[in-house]
Structures are given as structure tokens and as C-alpha cells.
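Scroll down for the structure; my scribbles are underneath it.
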2 protein chains.
Amino acid sequence: MQKEHNLSKNQKIIFDLIDKSGGPMKAYSILFNVQKKGIKAPLQVYRALDKLVEIGKIHKIESRNAFIACQNSSCQVSKATAFSICESCENVSEISNSKLSKYLSNFSDDSGMKYSKYNLEFFGLCKKCKSK
Amino acid sequence: MQKEHNLSKNQKIIFDLIDKSGGPMKAYSILFNVQKKGIKAPLQVYRALDKLVEIGKIHKIESRNAFIACQNSSCQVSKATAFSICESCENVSEISNSKLSKYLSNFSDDSGMKYSKYNLEFFGLCKKCKSK
DNA sequence: ATATAAATGTTATATTATTACATAACGTTA
DNA sequence: TAACGTTATGTAATAATATAACATTTATAT
């Protein structure tokens, strides 16, 4: 069970925006969209994003410098994330596949390193783009 | 068998630097280091980096905005990459584990999307940092 | 030789993210 | 409720990462 976090004002505004957008959003696009709500500076956005990432409400798509709302209600606070990214339309969706997450969470190689976190990004063409 | 690529002058200079460094390097640190060799502008660095990534001689560590020489002689031109990253000392190494790469290369979910590429980054503490 | 593609050089600028510092709101517990 | 510590906010400046646009040169393949 995930801990309830009471989002602050800025955190709520920014989370709602990302969540409603249904896809990944970039920090300065978020900034532009929330200026009418009084959030005027990049740092205000980045601080909210940092917190939202920390508590697992959003994830950063590293290869795109963009942020997406967590689509996985049982998300383990961003410790194990996987995304599929269409290289044509840039659609992103979160993969929740228990076999995959088990496999990766338990993965260990011969380095003797124990991994506490991973992020996986798959790339390809989505159905729509493939059929064009 | 990997195709031989004849690196251009700038590409060679930049690849050699990254390769000799033994770890990930950031673009502007590369720029600083090659200025004595006549490479003066960011774009010259980024162009060489783009090409080196394209042909699989280096990989980008997305979560760190850094570039590392491919440590895997049989690397499939950057279509399938996995790294382990120490969150304390920032040491990065490329994971080459055939089971893992087979598993991920063949992975497909119920989206009907066929993935042509993936990048996986594991995070944790390396042996040295763990024992501190 | 000549056409074509690839690489280079240069300037300017766009995009992404953080530092530093001051203030306000919130939550606890004495 | 007052005092304290923590978290969040506001604001300005700047650092770090990356690309656009354009001119020229070098390499490669007929």
C-alpha cells in the first residue's frame, strides 16, 4: 500500500496538469501552462517535479527530458520503471508487466552490486505509426 | 561482426579521449579537454558524439547526460544497452549479460508494439561504496 | 574529373536545470 | 500557543546541456 502524500499547492497544480495531459510533458512546457496560476519561475516547476518524482506520482523519461504521470497504481515509488516509446509520434506509455519487473528487480550480475532501482526504456514504432 | 568505421579526425580525438578516460564523460568536459587539439565549439563535440553513438562506439548514459565508450566488443550498434550506475561514486559500467539481453530483445507486451531498441539503467551502490 | 555525401568551422541561440538567498506555511510537541 | 524544525514558496541570476543556420572543406564513389 502506497503512503498517501498531501501534495502542496504547486505540486497539485503541476501534477494535475501532467496527469490530465495523458502523456509526457517537458518542464518548460509545464511552466508555460501554469503561469496563469501564478507559477512563474523554472525553479518552482523543478522543485515540484523533484518531489513528485520522489514520491512516485510522476516519472522522468530520461531519454526525452520529460515527465509523465505514473500510470501504475501500485508503483513502488519509482524504484522500478519501464516505458515504451514510439520514435515516430513520441507516444510514451508505462509498461506494467509483473514478469518483467520481477526479472529486473531480481537481476544481479557478477559485479557483486545489488541494484535498488532501475529504469528501462524501450523504443520502436507504435501500432499506428507502423501502419503508415 | 561489426562493420569497421573509419573515424574522422574529430571523431577519433573524441573517441580516444572518452575511451582512455575509462568512464562516462560529459559533453562540455570533453570540449574542455579537446580545445588544445583545435576543437573549439560545442557543436563539433556533439556532432562527433552523435556519430559515435550512431555507430555504437559510445553510448549515452541518459540519466547522467554523459557518454561512455562501448565496453562490449560485440555490441549490436547500440540497439540494446544496459548499465550499472553507482549512485554514490557515479561509477558506470556496461552490463553484458546474454540472458538479460535475450530476455529484453525478445520482450513484448500486450500493446502490439515491436521494440527495436532498449536502454536499461540499474542504480545502486557499488562494492566499494557499500562497504564505506 | 566530377558529383555526392560526410565532415568541419563558426556564430548565435535554444533548451534544460541549478545556485543562492529570503520568506512563508505547516506540523509537532512542550 | 509559542517555539522549533521541516517543508514549501518566491525571485533573480546563472550554469549546463544541446541545436539551428549557414558557409566551406574533405572524402568517396563513379
Side-chain angles (χ1 to χ4, degrees), chain A residues 3-18 21 23-68 77 85 87 90 92 119 121, chain B residues 3-18 21 23-68 77 85 87 90 92 119 121:
Chain A
K3 192 188 171 226
E4 259 313 311
H5 285 277
N6 295 313
L7 301 184
S8 73
K9 178 171 140 281
N10 288 1
Q11 289 159 16
K12 248 184 300 241
I13 291 170
I14 286 172
F15 174 72
D16 287 346
L17 176 68
I18 300 173
S21 85
M25 291 193 76
K26 309 198 122 209
Y28 277 72
S29 153
I30 292 168
L31 175 58
F32 178 81
N33 277 278
V34 297
Q35 273 174 335
K36 47 184 171 295
K37 304 220 171 177
I39 296 176
K40 292 182 219 147
L43 188 51
Q44 294 176 291
V45 172
Y46 281 105
R47 283 198 284 223
L49 290 173
D50 285 352
K51 187 68 185 186
L52 291 167
V53 165
E54 186 193 323
I55 65 181
K57 300 281 289 179
I58 65 173
H59 305 301
K60 182 170 188 182
I61 310 300
E62 294 287 356
S63 66
R64 298 300 186 260
N65 297 318
F67 300 85
I68 193 169
V77 188
I85 303 171
E87 289 185 296
E90 294 294 327
V92 174
N119 178 56
E121 299 182 3
Chain B
K3 192 188 171 222
E4 259 315 313
H5 284 275
N6 296 312
L7 300 184
S8 73
K9 177 169 139 284
N10 289 1
Q11 289 158 17
K12 247 185 300 242
I13 292 171
I14 287 171
F15 175 73
D16 286 348
L17 175 67
I18 299 173
S21 86
M25 290 193 77
K26 309 199 124 211
Y28 278 72
S29 153
I30 293 168
L31 175 59
F32 178 82
N33 276 277
V34 297
Q35 274 174 334
K36 45 187 174 291
K37 304 219 172 177
I39 296 175
K40 292 181 219 148
L43 190 49
Q44 295 175 290
V45 172
Y46 280 105
R47 283 198 285 225
L49 290 173
D50 284 351
K51 186 68 185 186
L52 291 167
V53 166
E54 185 192 323
I55 65 180
K57 300 281 288 180
I58 64 173
H59 305 299
K60 183 169 187 181
I61 310 300
E62 294 287 357
S63 66
R64 298 299 187 260
N65 298 318
F67 300 84
I68 193 168
V77 187
I85 302 172
E87 289 184 295
E90 293 295 325
V92 173
N119 178 56
E121 300 181 3

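The sequence lines fix the lettering, A, B, ..., with proteins before strands; numbering per chain opens at 1. Because the structure is predicted, anything quoted here is derived from the model rather than measured.
Nearest nucleotide to the side chain of A:Asn65, out of C:dA17, D:dT11, D:dA20: C:dA17. Of all nucleotides listed (C:dT10, C:dA17, D:dG10), D:dG10 comes nearest to the side chain of A:Arg47. Closest approach to the B:Ser8 side chain among C:dT19, C:dA7, D:dT19 is made by C:dA7 (side chain taken as heavy atoms from C-beta onward).
With hydrogens and angles ignored, the 3.5 Å screen pairs a side-chain donor or acceptor of A:Glu121 with a backbone N or O of A:Ser63.
Under the 4.5 Å side-chain criterion, counting only non-hydrogen atoms from C-beta, B:Asn65 is in contact with B:Lys60. Side-chain atoms of B:Asn10 and B:Arg47, non-hydrogen and from C-beta on, never get closer than 4.5 Å to each other.
Atom CG of B:Leu43 is separated from atom C1' of D:dC22 by 11 Å (rounded to the nearest Å). In this structure, A:Asn10 places its CG atom 12 Å from C1' of C:dA25, rounding to the nearest Å. The CG-C1' distance, from A:Leu52 to D:dT9, rounds to 15 Å in whole Å. At whole-Å resolution of the value, CG in B:Asp50 and P in D:dT17 are 16 Å apart. Separating the CD1 atom of B:Ile55 from the P atom of C:dA6 is a distance of 13 Å, rounded to the nearest angstrom. One atom, CG of B:Leu49, and another, P of C:dA7, lie 14 Å apart when rounded to the nearest Å. Atom OH in B:Tyr46 sits roughly 19 Å away from atom P in C:dA7 (whole-Å rounding). Following rounding to the nearest Å, B:Lys60 (NZ) and D:dT17 (C1') show an atom-to-atom distance of 8 Å.
For D:dT6, neither phosphate oxygen OP1 nor OP2 lies less than 4.0 angstrom from any side-chain nitrogen or oxygen of A:Lys51. Taking 4.0 angstrom as the limit, B:Lys9 places a side-chain polar atom (N or O) nearer than this to OP1 or OP2 of C:dG9. OP1 or OP2 of D:dT7 has not a single side-chain nitrogen or oxygen of A:Asn6 nearer than 4.0 Å. When the side-chain nitrogen and oxygen atoms of A:Lys40 are compared with OP1 and OP2 of D:dG10, none of them lie within a distance under 4.0 Å. At D:dT9, none of the side-chain N or O atoms of A:Gln44 fall inside 4.0 Å of OP1 or OP2 (strictly under the cut-off).
For D:dA15, the base has no donor-acceptor partner in the side chain of B:Tyr28 [N/O atoms by modelled type, under 3.5 angstrom].
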Can you list the steps and then say if B:Leu49 with B:Ile18 is a side chain to side chain contact (heavy atoms under 4.5 Å, CB included)? CA-CA 10 Å; B:Leu49 290 173; B:Ile18 299 173; 3.8 Å; yes

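To the nearest 0.5 Å, atom CD1 of residue B:Ile14 and atom NZ of residue B:Lys57 are 14.0 Å apart.
The residue among B:Pro42 and B:Gln11 whose nearest nucleotide of DNA chain C lies closer to the 5′ end is B:Gln11.
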